[in-house]
Number of protein chains: 2
Amino acid sequence: MATERKVTSTNYRNQSFLEEKCSLNELLDLVSKRWICEVLFCIEEGINRFKSVKEELSYISDTILADRFRLLEKYDLVSKEHFDEIPFRVEYTLTEKGQELCTLLEQICNFSDSLPACKIESKKKTTSG
Amino acid sequence: MATERKVTSTNYRNQSFLEEKCSLNELLDLVSKRWICEVLFCIEEGINRFKSVKEELSYISDTILADRFRLLEKYDLVSKEHFDEIPFRVEYTLTEKGQELCTLLEQICNFSDSLPACKIESKKKTTSG
DNA sequence: CTGTATCCGATAAGATACTG
DNA sequence: CAGTATCTTATCGGATACAG
């Protein structure tokens, strides 16, 4: 990961245009990255180590999880603590801003639950038996 | 646009996993698409025709704008009205859900403004002269 | 245990040409 | 005016191998 964007691309120019217009676009670019919200929610619930988050989110890969932790730290939404034990241990915790974001995301989550287009109804079908 | 996802990909499986886990992920996938929020805000402000939105959002392309309108309509966030005049005219307006989403987005916008990592400070630099 | 480096396939964004 | 069809490129997500 950590590949730099090609500054000559239209893609880059447009994203920059949007981010300068409103910081919302930068934040959305972050929180919409795959797994980001789930990682955030894991930490909120106290599942706060590399391994435990990886287990909780069955399919996430090392590469992506490491990248997501790095991003969340960069944006000061989580903080990282390294414990010098043997074997060593790393824990992530939400910052105040991180907690605030979680709360906002939960509001959006309620909203999306109420959107008919989301939650494609046929997903459950518990009519068996 | 409108290219179908390859159902055999890990990419697809993971996104499906997340969307089934929480509808938040589906909504985020939508609102984080480039220009979506800006289009929504344009409509909210009464800039509600293809041409006028295109002019307001300098760099957006026809292809993308059409796709965004289609998505917003599909999710029932905006509704489309065709006026049979000569030349004909099409107007988009927010639905109740669309208005509700705008309000939520504005809250997140306030939050992102307060995040130090967003709004990279050096963007203004009005110290000249 | 907690990551990093490198490479590759899938998807999103956009350019261009065209239509009723 | 308000789009659609087709193609190209950039970026993202992920697999694999490896490291402190």
Side-chain angles (χ1 to χ4, degrees), chain A residues 1-18 25 28-36 38-39 47-55 57-73 78 80-92, chain B residues 1-18 25 28-36 38-39 47-55 57-73 78 80-92:
Chain A
M1 309 296 291
T3 35
E4 295 300 317
R5 293 192 138 186
K6 196 174 252 188
V7 296
T8 52
S9 67
T10 309
N11 197 330
Y12 177 86
R13 183 206 58 193
N14 285 357
Q15 184 62 25
S16 304
F17 172 77
L18 288 171
N25 289 303
L28 282 179
D29 202 48
L30 174 71
V31 299
S32 67
K33 282 183 195 299
R34 191 168 292 169
W35 308 103
I36 272 272
E38 302 302 325
V39 171
I47 305 172
N48 58 0
R49 297 181 58 183
F50 197 94
K51 190 164 184 295
S52 54
V53 173
K54 191 164 158 53
E55 279 167 7
L57 306 178
S58 327
Y59 301 124
I60 196 170
S61 70
D62 292 351
T63 326
I64 299 297
L65 182 53
D67 181 69
R68 297 307 184 251
F69 275 136
R70 204 179 311 119
L71 279 170
L72 288 171
E73 211 193 340
V78 312
K80 178 178 181 174
E81 199 168 359
H82 183 99
F83 297 94
D84 239 341
E85 308 165 350
I86 301 195
F88 73 94
R89 180 164 57 94
V90 172
E91 279 188 16
Y92 293 91
Chain B
M1 310 297 293
T3 35
E4 293 300 316
R5 292 193 139 190
K6 196 174 253 187
V7 296
T8 53
S9 67
T10 308
N11 197 328
Y12 177 86
R13 183 205 59 194
N14 286 357
Q15 183 63 26
S16 304
F17 171 77
L18 288 171
N25 289 303
L28 281 179
D29 202 50
L30 174 70
V31 299
S32 68
K33 281 185 194 299
R34 192 166 293 167
W35 306 104
I36 272 273
E38 301 302 326
V39 171
I47 304 172
N48 59 359
R49 297 181 58 183
F50 196 94
K51 191 164 185 292
S52 54
V53 172
K54 189 162 158 54
E55 280 167 4
L57 305 177
S58 327
Y59 301 123
I60 196 171
S61 70
D62 292 351
T63 325
I64 300 296
L65 183 52
D67 181 70
R68 297 310 182 250
F69 275 135
R70 205 179 309 119
L71 280 170
L72 287 170
E73 211 192 340
V78 311
K80 179 178 179 174
E81 199 169 358
H82 184 100
F83 296 92
D84 240 340
E85 309 165 351
I86 302 199
F88 72 94
R89 182 164 56 98
V90 172
E91 279 189 14
Y92 294 92

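Numbers restart at 1 for each chain; the letters A, B, ... are given by sequence-line order, proteins then strands.
- The CD-P distance, from B:Q15 to D:dG13, rounds to 9 Å in whole Å.
- Judged by distance alone with a 3.5 Å cut-off, a donor-acceptor contact links the side chain of B:T63 to the base of C:dA15.
- In this structure, A:D29 atom CG and D:dC12 atom C1' are separated by 11 Å, rounded to whole Å.
- Distance A:K33 NZ to D:dG14 P: 12 Å, rounded to the nearest Å.
- Here the side chain of B:F88 is nearest to one of C:dG20, C:dA12, C:dG3, namely C:dG20.
- Between B:N25 and A:E38, the side chains place a donor N or O and an acceptor N or O closer than 3.5 Å (distance only, hydrogens not considered).
- Minimum atom distance to the side chain of A:V90 is reached by C:dT2, of the listed C:dT2, D:dC12, C:dT11.
- Distances were taken from every side-chain heavy atom of B:F50 (C-beta onward) to each of C:dG3, D:dA2, C:dG14; the shortest belongs to D:dA2.
- Between B:F69 and B:Y92, the ring centre distance stays below 6.0 Å.
- Contact annotation: A:R34 side-chain N/O to C:dT11 OP1/OP2 distance is not under 4.0 Å.
- Residues B:R34 and A:N14 are in side-chain contact: their nearest non-hydrogen atoms beyond the backbone lie under 4.5 Å apart.
- Of the listed nucleotides (D:dT11, C:dA12, D:dG13), D:dG13 has the atom at the smallest distance from the side chain of B:N11.
- B:N48 places no side-chain N or O within donor-acceptor distance of the main-chain N or O of B:E91, the cut-off being under 3.5 Å.
- Distance A:H82 NE2 to D:dG20 P: 15 Å, rounded to the nearest Å.
- Looking at which nucleotide of DNA chain D each of A:W35 and B:E91 is closest to, the 5′-most match is held by B:E91.
- Here the P atom of nucleotide C:dA12 and the CD1 atom of B:I60 are 16 Å apart, to the nearest Å.
- Straight-line distance from the CD1 atom of A:I64 to the C1' atom of C:dA5: 14 Å, rounded to whole Å.
- Within the 4.0 Å cut-off from OP1 or OP2 of C:dT4, at least one side-chain nitrogen or oxygen of A:R70 is found.
- For B:K6 and C:dT11, the NZ to P distance is 7 Å, given to the nearest whole Å.
- Using a 4.0 Å heavy-atom criterion, one finds that B:K54 contacts no nucleic acid atom at all.
- Taking every side-chain heavy atom of A:T10 into account, C:dG14 is the closest of D:dC1, C:dG14, D:dT4.
- Relative to the ring axis of B:F83, B:R89 places its NZ or CZ within 45° and under 6.0 Å from the centre.
- Using a 4.0 Å cut-off, some side-chain N or O of A:R49 falls inside it from OP1 or OP2 of C:dT2.
- For the pair A:L65 CG and C:dC1 C1', the computed distance is 12 Å after rounding to whole Å.
- Counting non-hydrogen atoms under 4.0 angstrom, A:Y92 reaches the backbone sugars and phosphates but no base.
- Comparing C:dT4, D:dT11, C:dA15 by their closest approach to the side chain of A:S9 singles out D:dT11.
- Along DNA chain C, the nucleotide nearest to A:K80 and the one nearest to B:S61 differ in position, and the one closer to the 5' end is contacted by A:K80.
- Between the side chain of A:K54 and the backbone N or O of A:I60 there is at least one donor-acceptor pair closer than 3.5 Å.
- Residue B:R13 places no side-chain N or O under 4.0 Å from the OP1 or OP2 atom of D:dG13.
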